[in-house]
Amino acid sequence: MEGFLSISHDEVKKAILKSQHCQRNWDLSQEVPQKDIDLFVSAVSQCPSKQNISFYKAHFITNRDIIEKIHNKTDGFIISFEDGTSTTNPQVLANLLVVFESKNVELSDEKDVYRNQQTWDFKNSPDKSDEVSQCFQRDQNMAVGIAAGYLNLSASLMGYATGCCACFDGEGIQQLLGLSNQPLLMMGIGHRDLSKSRLAHHTESAFMFPTKSKQKIEVQHIV
């Protein structure tokens, strides 16, 4: 018995490896069906987070005008370290763009939902210590990372290409989208442009993004 998967181990492994690659250009003649978007919403809203706290908001954007305006605020990929020449991050130009926004921690007054004494202090103490604040910052970063991982792999399993972006004008995008807080991470999801290398810039196809091999992750089995 190999397990409970309805797809093969090889298919899952292929999707994992595919999800590692950042797609830089897109076929915008196609759309992402609403049923697929609904599944992606489940991926980011039902994945694990510390004590099931909602550390972030997720914005699903298909409006091309807004996506292109966001793209204009991603100029930060350094082409030359000598003179600082840079270009934009076109992975955000995908058919669907998901923006993870930082969210202020909201805790119930019910003691049983508190993670520990630090959680109670965060809610009830007038002075937030650096230790408590750093703890929640860590948990927020972890929660967004897990959500992005779920979203990325779900999309890959469904045949979509993806690309994450953390290099952007946070204040500018916050103002553009009317967010309460700054964005933490963005992910483009969509259909690959099969006529191009995935490394070719979407709007400046002459430019090819570099690719880097995955550094080895050490794994130990303890039995």
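Since the model is a prediction, treat every value here as computed from it, not as a measurement. Just so it is clear, the values below take in all heavy atoms, side chains as well, and ignore hydrogens, waters and symmetry mates.
Heavy-atom minimum distance, I67 versus I61: CD1-O, 3.5 Å. Listed here is the closest heavy atom pair of S154 and Y150: OG-O, 2.7 Å.
Residues F168 and L185 fall into different hydrophobic clusters, defined by Ile, Leu, Val, Met, Phe, Trp and Tyr side chains chained together at heavy-atom separations under 4.5 Å.
Here the rule is side-chain contact (heavy atoms from CB on, under 4.5 Å) with I66, and of L97, L177, V99 only L177 fits it. Just one residue in the list Q140, Q182, K57, Q137 forms a side chain to side chain donor-acceptor pair (under 3.5 Å) with S102, and that residue is Q140.
Side-chain contact annotation: D36 with Y160, donor-acceptor N/O pair under 3.5 Å present.
For Q30, the CD atom is densely surrounded, since the number of other residues' heavy atoms within 6.0 Å is greater than 12. Residue Q20 qualifies as enclosed at atom CD: its count of foreign heavy atoms under 6.0 Å is above 12.
With R64 contributing its side chain and L28 its backbone, the two residues share no donor-acceptor pair below 3.5 Å. Put simply, the side chain of S156 gets close to the backbone of A15: a donor and an acceptor are under 3.5 Å apart.
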Exercise for review: Please lay out, stage by stage, how L194 and D27 fare under the test side-chain contact (heavy atoms from CB on, under 4.5 Å).
Suggested key: CA-CA 8 Å; L194 298 178; D27 178 0; over 6 Å; no

Review point. Are T85 and I78 close enough, and set up right, to give a side-chain contact (heavy atoms from CB on, under 4.5 Å), and what steps lead you there?
Key: CA-CA 6 Å; T85 304; I78 302 299; over 6 Å; no

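Ion pairing of D65 with K69 is present here, as a side-chain N (NZ or NE/NH1/NH2) and a carboxylate O approach within less than 4.0 Å.
Here the two rings, on F60 and F40, have centers that are 6.0 Å apart or farther.
In this structure, F209 and H201 have parallel ring planes: the angle between them is below the 30° cut-off, well short of the 60° mark.
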